[in-house]
There are 2 protein chains.
Amino acid sequence: MRRSDIEQVRSLPLFREMTKTHFSTLMSAALLQKFPARTVLIREGELPDFLHIVVEGTVELYSRWEDRETTIDIIRPVTTFILAAVIQDDVYLKSARTIDAARILMIPSEAIRDIFGRDAGFARAIVSELALRYRGIVRVLKDRKLRTSVERLANWILAMDRSEGGGGRIVLAHDKRTLSSRLGMTPENLSRSLAILGDHGVEGTGREIVIVDREALQRCAKPSPLIDG
Amino acid sequence: MRRSDIEQVRSLPLFREMTKTHFSTLMSAALLQKFPARTVLIREGELPDFLHIVVEGTVELYSRWEDRETTIDIIRPVTTFILAAVIQDDVYLKSARTIDAARILMIPSEAIRDIFGRDAGFARAIVSELALRYRGIVRVLKDRKLRTSVERLANWILAMDRSEGGGGRIVLAHDKRTLSSRLGMTPENLSRSLAILGDHGVEGTGREIVIVDREALQRCAKPSPLIDG
DNA sequence: CGACGATTTGAATAGGATCAATGGGAGTGG
DNA sequence: CCACTCCCATTGATCCTATTCAAATCGTCG
């Protein structure tokens with residue numbers, strides 16, 4: 001494992017405030033592994049062996065029931081996932097698979113639970129992380145229950161643009177298929193939604209999306225800090 | 001505040017493992033308040049002053065956006081809510097209102113955060129509680145995204161029956177209106193769903209629901225421990 | 001150039017929501 | 001005790017959103 005990776009992990013809110021010793025202990029038990037695209041990392045229903053952290057690449061959290069499937073969230077570096085299952089030492093409620101090739105840091109659950117009991121800074125950080133994730137999923141739920149797919153897309157465009165500096169031009173990092181599941185809709189519907197947004201100040205060609213009339217888009221999206229963060 | 005109430009709170013997982021002294025400190029800062037039915041307790045967007053705990057009655061967590069509203073969860077005694085907002089000291093993402101008349105224990109957020117930093121047992125308990133809530137909402141999300149309303153109702157009936165001993169007979173504690181929002185559907189749709197379940201081993205009259213053919217109901221519901229808990 | 005996957009477009013369908021009207025019980029007042 | 005009223009629940013009809021299935025188009029990479 002590269003020194004720069006370790007430093008990156010150390011700088012995460014989750015690990016920043018623990019003692020050097022405990023951090024070293026965790027890291028020496030940890031594995032950094034590369035996975036190709038579309039690899040299943042964990043399966044819902046299994047017991048957690050490791051806390052996972054996306055160091056590079058993109059991971060999709062999804063869930064199945066009968067023959068249906070839904071994307072719950074899409075995770076980019078540097079973020080933990082399935083922390084709640086590790087903490088509770090209970091089965092995963094969601095599956096995870098890579099979208100891109102990805103590097104995943106895996107820390108044995110036991111080590112996490114052990115250090116958690118002995119390092120107050122780490123315990124605090126875990127609480128923050130859990131609270132953050134909890135609130136994240138509440139936002140997802142609200143987005144999906146309260147908005148139509150056009151509205152979700154409109155808000156996603158605004159949020160994405162904002163996080164890229166507000167230049168009014170976005171280049172998709174992935175397939176539209178991926179985006180559509182991130183937004184909780186089918187690819188066909190994403191196409192249609194994007195077409196509809198043509199009337200609301202958005203132009204799209206290929207993987208590029210341009211905001212030509214931000215006012216109009218905002219009128220359509222009606223973004224809210226209580227959903228979009 | 002009655003001694004028996006205090007003991008009940010003390011016996012909650014969240015408070016069971018903290019020191020006596022810290023518990024007393026919390027309790028002396030706490031208020032136990034009665035609220036009539038349909039009273040708004042907290043509004044999304046506001047900052048948390050208190051951690052709330054439903055001691056008696058029922059509370060609905062819901063959220064609005066524009067002119068739409070959705071129920072996120074329904075809370076029964078004895079359970080905390082809005083813990084994540086208190087921990088993060090950030091605005092509520094959901095509103096809460098009573099359904100019944102309810103008694104709510106309110107503990108000042110600052111006291112929670114203060115004791116959290118000083119009592120390891122309490123910190124552990126908060127982590128468990130957060131993880132539990134997190135997983136709870138993942139289940140809600142899965143239930144709503146992966147199932148039709150008939151399936152949701154069928155599973156709710158099975159789960160309810162199980163939690164009442166499996167006698168095959170359920171009496172609703174509230175109106176059907178309340179149940180319908182708990183299940184994320186309109187009252188009209190609940191009626192229709194219940195009618196449809198007539199073909200799958202369920203009979204309903206008034207507030208009573210009877211499972212006459214559990215096999216058939218299970219075939220329709222296809223319950224999963226990864227959703228229904 | 002050809003082939004394959006991704007995207008778009010179109011038509012049909014399903015699942016829910018909404019609107020409107022009717023039925024049914026519980027509580028109230030005569 | 002009975003009629004009245006009000007609210008909840010049911011039923012029917014219609015609308016809307018999103019999914020599904022099918023076909024056409026686009027783009028990219030050998």
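The chains referred to below are lettered A, B, ... by the order of the sequence lines, with proteins before strands, and numbering in each begins at 1.
- No hydrogens or angles considered: nothing links the side chains of B/Thr80 and B/His52 as a donor-acceptor pair under 3.5 Å.
- Atoms CZ (B/Arg68) and C1' (D/dC16) sit 12 Å apart, rounded to a whole Å.
- Under the 6.0 Å distance and 45° angle rule, A/Arg103 does not count as a cation-pi partner of A/Phe35.
- Look at B/Asn189 and you won't find any side-chain N or O under 4.0 angstrom from OP1 or OP2 of C/dG16.
- Atoms CZ (B/Arg177) and P (C/dA17) sit 13 Å apart, rounded to a whole Å.
- Counting distance only, with no hydrogens placed and no angle test, the side-chain atoms of B/Arg192 and the base atoms of C/dT18 include a donor-acceptor pair under 3.5 Å.
- Heavy-atom nearest nucleotides on DNA chain C were determined for A/Lys145 and for A/Ala195, and the one closer to the 5' end corresponds to A/Ala195.
- The distance from atom CG of A/Leu190 to atom P of C/dA6 is 14 Å, rounded to the nearest whole Å.
- Regarding B/Lys176, its NZ atom lies at a distance of 13 Å from the C1' atom of C/dG25, rounded to whole Å.
- Between the CG atom of B/Leu153 and the C1' atom of C/dG16 there is a distance of 15 Å, rounded to whole Å.
- Put simply, CD on A/Glu69 is 15 Å from C1' on D/dT19, counting in whole angstrom units.
- Here D/dA9 presents its P atom at 11 Å from CD1 of B/Ile209, a figure rounded to the nearest Å.
- Here the P atom of nucleotide C/dA17 and the CG atom of B/Asp67 are 15 Å apart, to the nearest Å.
- Side-chain contact of B/Asp100 with B/Thr58: a donor-acceptor pair under 3.5 Å is present, judged by distance alone.
- If you check the side chains of B/Lys94 and B/Ser63, you find no donor sitting under 3.5 Å from an acceptor.
- Side-chain atoms of B/Glu188 stay outside donor-acceptor range of the base of D/dC8, with no qualifying N/O pair under 3.5 Å.
- Toward the 5′ end of DNA chain D lies the nearest nucleotide of B/Asp175, the other residue of the pair A/Met185 and B/Asp175 mapping further downstream.
- Checking side-chain atoms of B/Asp143 against main-chain N and O of B/Arg139 turns up no donor-acceptor pair under 3.5 Å.
- Within the structure, a side-chain polar atom (N or O) of B/Ser149 is placed less than 4.0 Å from OP1 or OP2 of C/dG16.
- When the side-chain nitrogen and oxygen atoms of A/Thr186 are compared with OP1 and OP2 of D/dT19, one or more of them lie within a distance under 4.0 Å.
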